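Data first, discussion second: the structure below is written as structure tokens.
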Amino acid sequence: MKKQESSSVKTSEDKENLMDKIVSFAKRRGFVFQSSEIYGGFASCYDYGPLGVELKNNIKRQWWKSMVQMRNDVVGLDASILMHPKIWEASGHIESFTDPLVDCKDCKKRFRADHLLEAKGLKPGYLKEKPEAFSEIKCPECGGELTSPRTFNLLMKTHVGPVEDEASISFLRGETCQGIYANFENVKESMRLKIPFGIAQIGKAFRNEITPGNFIFRMREFEQMEMQFFVHPKEAKKCFDYWKPLRMKWYQDLGVKKSNLKFREHGRDELAHYAKEAWDIEYKYPFGGFNELAGIHNRGDWDLSRHSKFSGKDLSYFDAETKEKFMPYIIETSDGADRATLVFLLDAYEEIKGGRTTTTESIKDVEVVLRLDKRLAPIKIAILPLSKKPELEKAAREIQEKLRGEYMTMYDVTGSIGKRYRRQDEIGTPYCITIDFESLEDKKVTVRDRDTMKQDRIALKELAEYFADKFKE
Ligand code: GAP
């Protein structure tokens, strides 16, 4: 096979419609599907396909590894989604978990008032300070007049039990961390923990978003990866300054380009009802530029004080050494598993015009390489027998059996080897193993690297060690 180098990277035009490309790519290659598509779709809900679920699981695994497995001061939890409805009173969500909503009087479209202000270059807090100025803003769809902003609660209501009355109302959790606060005592006592310590959790959250959109960026059902670190109030600032860069580093270490990430501090008028200080990690999305990816919040003693008051159980902490009793402050790191999935996909997606190599039998206009970090790649190793000859397939299946206990593998025997390499490049598979007729003689296989396209001839008996080294974390 003749190899020919080719050039070209993302053009500005490509970047503009990158989001459309990612949405169609995600469907075509089995990453993300619209929920209930056969019924015309269900707005703002998405399903993860065979490769998407692997990618998202790998992201969650990496988060758990860095936040729990590699630390002595953070433990895990998996609290239920449905909780006592008083939790949401105590947390302030029933009163304050609202967004300002406006409707267009002409086209009847619905918008978030703060988003319309932001689009005009005005700070979101502007709305609270000068509500009359909002009347100058027109419907971005049809130019029509908008209603005055009114608050809309984002909590999703449900009824628990067979009777649908006031007493049976509960909520699908609006943020995962409330289950952590409600279990503060249980975790502390059962694990004999002393402050400072953290509790981490991954799980679904639900919000009745007024304007969901941009694919898996803003959904009504999504997944959060949250860690709550409990500290002495005097240590809160130091603790915040410790976690803030660590969360940024996590995205960078997993390959997100530094130039696409930045911090943004929340203005005083923008802070959530529980927050004393809040910073977002922002990503440069193809829609509208920098926007929120994750958050780091100093929640002060809001949560434990409120839960103490509403539950009647004193959640303050007694330090046996100093004999001091205090209400711990909480430093929260909050990441969205879906938003992270979108960011890792966007950042890794690369189109190469003309392809990286051309072969006589397969010349392509655009070749896609998904340059995911190896730890995140859905498939780690593809097994590609050169042809369907039974002896090659037999040898290939044996190799797969040896590797699949350790790695997610994919077996592919259809199409030319060039096409098969490209299919794997497109889904981000770091390594392909080709088994050819020579392999049957010399007991060696060709291992091809996704990024460098370098091919190594490796003895079968050294294959396990070779990959152990390649995937060492
Ligand atoms: N416990 C704090 C909290 O929930 P947040 O800023 O509302 O803070 C944290 O949410 C993270 O959860 C966001 O940075 C984002 O990654 C993710 N997230 C929030 N709302 C989301 C939505 N509607 N769809 C997808 N992800 C969302």
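All values derive from a computational prediction rather than experimental measurement. When reading the values below, keep in mind they use all heavy atoms of this one structure, side chains included, and skip hydrogens, waters and symmetry mates. Ligands are counted one by one from 1 in listed order, and the atoms in each one are counted from 1 as well.
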How are the rings of [X] and [Y] set to each other: parallel, tilted or perpendicular (split at 30° and 60°)?
X	Y	answer
Y431	F471	perpendicular
Y285	F287	parallel
Y181	F230	perpendicular

Look up atom CG in D335 and atom NZ in K60, then write down how far apart they are to the nearest 0.5 Å.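 Rounded to the nearest 0.5 Å, the CG-NZ separation comes to 13.5 Å.
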
Taking only non-hydrogen atoms of [X], do any sit less than 4.0 angstrom from ligand 1?
X	result
Y283	no
E221	no
H297	yes

Residues, nucleotides or ligands: over 12 heavy atoms within 6.0 Å of K309 NZ: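 Not buried by this count: 12 neighbours or fewer within 6.0 Å.
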
With only distance considered, is C177 within less than 3.5 Å of ligand 1 through an N or O on each side? no

Is it the case that ligand 1 has an N or O less than 3.5 angstrom from some N or O of F222? no

May I ask you to list the atoms of ligand 1 that are less than 4.0 angstrom from any heavy atom of [X]?
X	value
E226	1 (N), 2 (C), 3 (C), 4 (O)
Y274	2 (C), 3 (C), 8 (O)
E332	1 (N), 2 (C)

Nearest non-hydrogen contact with atom 20 (N) of ligand 1 belongs to which option: R173, R207, E175? R207

